[in-house]
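Below, chains carry the letters A, B, ... as their sequence lines are ordered, and counting in each starts from 1. Values below: all heavy atoms of this structure, side chains included; hydrogens, waters and symmetry mates excluded.
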Amino acid sequence: MTENTQQQHSAPEPELPKTYAPAEVEGPLYERWVDRGYFAADAKSEKSPFTVVIPPPNVTGSLHLGHAFEHTLIDAITRRKRMQGFETLWQPGMDHAGIATQNVVERELAKEAKSRHDLGREAFVERVWKWKGESGGQISGQMRRLGDGVDWDRERFTMDEGLSQAVKTLFKKLYDDELIYRAERIINWCPRCLTAISDIEVEYQDDDGELVSLKYGDGDETVVVATTRAETMLGDTAIAVHPDDERYQHLIGKLIKLPLTDRSIPVVGDTHVDPEFGTGCVKVTPAHDPNDFEIGQRHGLPSIAVMDEHAVITAHGPFQGLDRLEARSAIVAALRAEGRIVAEKRPYTHSVGHCSRCKTTIEPRLSMQWWVKVGPLAKAAGDAVRDGQVKIHPQEMEKRYFDWVDNLHDWCISRQLWWGHRIPVWYGPDGEVVCVGPDDEEPTGEGWTQDSDVLDTWFSSGLWPFSTLGWPEQTESLAKFYPNSVLVTGYDILFFWVARMMMFGLYAMDGTPPFHTIVLHGMVRDQFGKKMSKSFGNAVNPLDWMDKYGSDAVRFTLARGANPGVDVPIGEDWVQGSRNFANKIWNATRFALMNGATVEGELPPAERLSATDRWILSRLNAVVAEVDAYYEDYQFAKLSEALFHFAWDEVFDWYVELTKTTFQEGGQAAEDTKRVLGEVLDVTLKLLHPVVPFVTETLWTTLTGNESLVVADWPTDSGFRDEAAEREIETVQQVITEVRRFRSDQGLQPAQKVPARLTLDGTQLAPHEAAIRQLLRLQPEGEGFAATATLPVSGATVALDLSGTIDVAAERKRLTKDLAAAEKEITAANAKLGNEAFLAKAPDHVVDKIRGRLTKAEADIERIKGQLDALPAA
RNA sequence: GGGCGCGUAGCUCAGGGGUAGAGCGUCGCCCUUACAAGGCGAAUGUCGGCGGUUCGAAACCGUCCGCGCCCACCA
């Protein structure tokens with residue numbers, strides 16, 4: 001099909017099929033682009049670089065509409081930059097997604113009734129690699145289908161050799177700078193994934209629980225504490241009260257009997273306790289609560305762990321072996337039996353942390369982990385935005401960014417997983433700890449073992465903007481393409497990914513931020529604004545829509561909804577609408593080709609052109625400027641909307657219709673219009689190409705005979721404007737619209753020819769008589785013409801002979817309505833103009849506008865009254 | 001608890017001190033030789049409520065109601 005169109009270009013009347021069939025065109029076009037190397041970025045190029053990295057999709061799956069959305073934006077940005085002459089790199093790749101991928105493969109194993117422990121670490125990791133090999137191809141296939149102009153030769157994976165070197169290098173550097181350390185702290189533990197996770201990997205949600213108040217101690221020395229996690233009381237090592245709380249002053253330092261155990265625990269005074277809250281007494285479990293851990297540290301309390309990694313009670317006694325929830329009710333029951341439950345609140349809604357990967361309730365747990373000391377890194381990451389080196393779009397998101405980087409706790413980076421970058425630290429037989437850099441020998445010999453943990457997956461993706469370019473090697477690509485130009489990603493990973501890239505980029509690249517601009521887009525939602533999810537059943541596979549309506553349609557719909565930073569709803573109807581638009585472009589170009597539109601030769605001089613041609617060229621250049629400005633501001637919805645309306649309303653409806661008369665009349669004017677129409681389509685297709693690459697490529701190569709739109713020059717505003725022509729055509733449009741309305745109200749069928757006398761002499765409409773007659777199906781007046789309806793519009797007169805068939809009632813109704821509107825207008829305008837305060841304070845242009853409205857309304861009234869008088873009696 | 005944002009046509013959303021906009025949907029006429037995936041015409045809104053600022057408020061300010069999101073060591 002594509003081959004066909006190429007050949008047909010030389011034919012005198014190229015014939016494109018009547019309907020655009022995207023599915024036949026898109027695949028071959030994409031492969032041709034790749035084969036020709038359009039998307040390959042050359043580090044040796046003289047051109048200025050423009051770099052964007054893909055937010056690496058997880059290998060765990062396939063692309064969803066969110067990816068399609070993100071890729072549309074990135075592809076549009078990079079396609080335009082490529083056309084503008086930049087050496088453009090869109091860096092592709094995927095993320096190993098440690099915990100997510102390990103979970104997927106573990107689930108697969110579970111189907112075979114195996115666990116990863118049955119395989120052992122090495123075999124398991126091998127199995128994940130195998131799985132990655134099978135799954136990764138799916139994603140690149142989808143990206144090709146979408147039309148992503150990525151440099152496939154540079155595709156990277158966060159676990160490949162080079163990126164592993166980068167990870168080791170950065171780890172070592174941070175370690176040597178004492179920005180990475182190992183410490184025992186309370187961490188967020190997922191008892192299902194069996195690993196620590198970082199603070200942001202915990203999702204809080206309100207869960208129903210039970211708040212019980214427990215009486216500790218005996219006799220006079222009792223306190224009441226409240227808890228939602230009664231099972232942790234087995235690990236209590238103190239009671240805390242506010243040091244100034246007079247109620248409990250006497251107890252500070254005393255020992256209180258801990259129920260269900262044979263232990264007694266001290267009462268300590270700590271300012272963390274809010275005396276206003278509850279009883280003002282807090283049970284302290286340093287091994288299972290972050291606050292309690294802090295209190296424990298301050299008072300030198302012991303930490304007693306009472307649960308294992310599966311959240312099963314390990315403390316000796318009747319509760320040993322119970323799961324935390326079983327233990328909770330068992331312990332409450334036991335305490336109740338002892339009469340120690342003094343109050344219960346059930347349900348008690350409180351915020352509970354869940355593992356963002358598997359939704360299991362997090363168990364805070366004391367554990368030895370590796371940490372990044374984020375203080376200095378986060379400070380730099382914040383400053384780079386504060387001092388304007390890096391801009392965030394939309395700007396409202398900056399506040400969120402600052403809130404986070406300015407209040408960041410140290411980052412727990414070790415994971416008790418097998419899939420990921422192994423922590424490059426070795427422990428010797430005599431307690432030696434050695435961090436092994438990328439060029440160092442790994443320690444060998446008796447008793448040396450490597451740390452068994454792997455790094456948080458975001459550690460390696462934090463290096464993505466430079467690790468993909470070969471860092472730590474000082475490659476040509478790194479020199480050419482770092483820093484990246486723009487980062488386009490969802491606001492949902494601002495902290496996970498963007499902030500981490502900022503920290504690592506600034507740190508590793510000597511203060512050069514990884515990108516200058518951060519563009520945050522929203523999330524794709526369904527047509528009712530609901531979040532898309534598999535469980536809710538409203539998730540859509542973008543491939544289905546692409547097969548049905550074409551990638552262009554999906555892309556255009558997404559771009560059109562892309563208002564900065566806000567979520568974008570999408571429904572199948574809208575994709576259909578975009579498909580219709582693509583088809584409209586197709587047919588308009590088909591019309592142009594059939595009528596000899598050309599891009600050959602210079603544009604005719606403006607003096608020679610008709611007002612119609614000058615009008616559309618004026619509008620065209622204005623739209624070029626408008627679209628460019630929107631692109632610079634990442635306003636995808638606006639630019640798509642502007643192009644949609646310009647193309648459809650102005651070019652395809654008005655201009656194309658107006659050219660028909662010109663083409664019929666022939667002569668120099670027709671020749672000129674062929675060139676102008678060619679120009680308008682040439683530029684319009686170029687402007688549309690970044691968003692709808694396929695249909696525009698097919699049409700443009702046919703129209704121009706050139707190789708490809710992908711490497712064509714991006715249009716620039718020639719500066720040509722002709723306001724007089726714009727006003728003139730607006731008037732023509734008004735006349736035609738007005739008479740059409742009349743025709744419609746009169747029940748005249750669109751095709752019905754009506755004899756008419758046009759009195760246009762001395763008005764700017766005179767040159768457009770033929771076009772007006774054609775568009776309105778107005779015949780020459782001929783013999784025995786009798787005007788039965790006269791429409792004075794814009795200083796001219798259109799008199800129609802309806803041969804006595806005029807629907808007087810309908811026309812009277814229409815005119816009466818118009819009259820009422822005009823009278824209302826006059827009242828409103830007079831009210832304004834009679835208001836002295838308004839005249840004194842309103843700016844001139846507003847007053848002029850109102851005066852203009854008044855004048856027009858007065859003229860309208862005269863006209864309408866005349867028309868009403870002229871109507872035959874009903 | 002703190003922060004951010006949003007409530008505009010049936011639906012999804014733009015707009016933003018000077019007579020209310022788009023897409024989809026609805027109604028009517030039409031297969032007018034680029035396109036019925038189309039053309040032409042039409043209808044539809046006290047711009048969440050109440051106050052205030054202003055000559056003028058849907059827009060700015062305050063407040064209330066409703067919704068969403070982010071952050072937080074709410075025992």
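- Taking atom P in both rG18(B) and rC61(B), one finds a spacing of 15 Å when rounded to whole Å.
- The partner of rC69(B) is rG3(B), by the rule that a Watson-Crick or G-U pair needs both atom distances under 3.5 Å.
- Ion pairing of Lys817(A) with Asp745(A) is absent here, as no side-chain N (NZ or NE/NH1/NH2) approaches a carboxylate O to less than 4.0 Å.
- One can place CZ of Phe644(A) at 14 Å from C1' of rC13(B), the figure rounded to the nearest angstrom.
- Under 4.0 angstrom from either OP1 or OP2 of rC70(B) there lies no side-chain N or O belonging to Lys399(A).
- As rounded to the nearest Å, rA58(B) and rC50(B) have P atoms that lie 11 Å from one another.
- At least one side-chain nitrogen or oxygen of Lys18(A) sits closer than 4.0 Å to the OP1 or OP2 atom of rA36(B).
- Applying the Watson-Crick and G-U wobble criteria (two distances, each under 3.5 Å), rC13(B) pairs with rG21(B).
- Among the atoms of the strands shown, none is found under 4.0 Å from any heavy atom of Asp567(A).
- At the heavy-atom level, Lys638(A) lies under 4.0 Å from the strands shown only through sugar-phosphate atoms.
- The closest side-chain heavy-atom distance from Thr659(A) to Asn595(A) is not below 4.5 Å.
- Side-chain atoms of Asp567(A) and Tyr491(A) include a donor-acceptor pair closer than 3.5 Å.
- With sequence neighbours left out, Trp574(A) forms a ring-ring contact (aromatic ring centres under 6.0 Å, His included) with no residue at all.
- Judged by distance alone with a 3.5 Å cut-off, no donor-acceptor contact links the side chain of Gln635(A) to the base of rA14(B).
- Between Trp586(A) and Leu699(A), some side-chain heavy-atom pair lies under the 4.5 Å cut-off.
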Q. Which is it for Arg185(A) and Trp371(A) under the side-chain contact (heavy atoms from CB on, under 4.5 Å) test, yes or no, and what are the steps along the way?
A. CA-CA 10 Å; Arg185(A) 300 241 179 99; Trp371(A) 304 82; 3.5 Å; yes
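- rG41(B) is paired with rC27(B) under the criterion used here, namely a Watson-Crick or G-U wobble arrangement in which both key atom distances are under 3.5 Å.
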Just the atom pairs and distances: protein N or O near nucleotides 29-31 of chain B's N or O, under 3.5 Å.
unit_1	atom_1	unit_2	atom_2	d
rC30(B)	OP1	Gln749(A)	NE2	3.1

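- The base of rC35(B) is paired with the side chain of Lys584(A) by a donor and an acceptor separated by under 3.5 Å.
- Following rounding to the nearest Å, Phe663(A) (CZ) and rA34(B) (P) show an atom-to-atom distance of 12 Å.
- Base pairing analysis places rU33(B) opposite nothing; no Watson-Crick or G-U wobble pair with both distances below 3.5 Å involves it.
- Ring pair Phe644(A)/Trp648(A): centre-to-centre distance below 6.0 Å.
- Comparing the P positions of rC13(B) and rU8(B) gives an interatomic distance of 9 Å, to the nearest angstrom.
- Under a 4.0 Å N-O distance rule, the pair Lys548(A)/Glu572(A) qualifies as a salt bridge.
- Side chains of His299(A) and Asp270(A): a donor on one and an acceptor on the other come within 3.5 Å.
- By the 4.0 Å N-to-carboxylate-O rule, Arg814(A) lies close enough to Glu811(A) to be salt-bridged with it.
- On the P atoms, rG38(B) is 12 Å away from rG23(B), given to the nearest whole Å.
- Between Trp654(A) and rC40(B) there is no side-chain N or O to OP1 or OP2 distance below 4.0 Å.
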Name the pairs: protein N/O against N/O of nucleotides 6-11 of chain B, kept only if under 3.5 Å.
none

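- The nucleotide rU53(B) finds no pairing partner, because no Watson-Crick or G-U wobble arrangement with both distances shorter than 3.5 Å includes it.
- Rounded to a whole Å, the CG atom of Asn407(A) is 12 Å from the P atom of rC71(B).
- The same atom, C1', is picked in rU26(B) and in rG10(B); the two are 8 Å apart, to the nearest Å.
- Rounded to the nearest Å, the gap between the C1' atom of rA9(B) and that of rA14(B) is 13 Å.
- Taking side-chain N and O atoms only, Asn580(A) has a distance below 4.0 Å to OP1 or OP2 of rG38(B).
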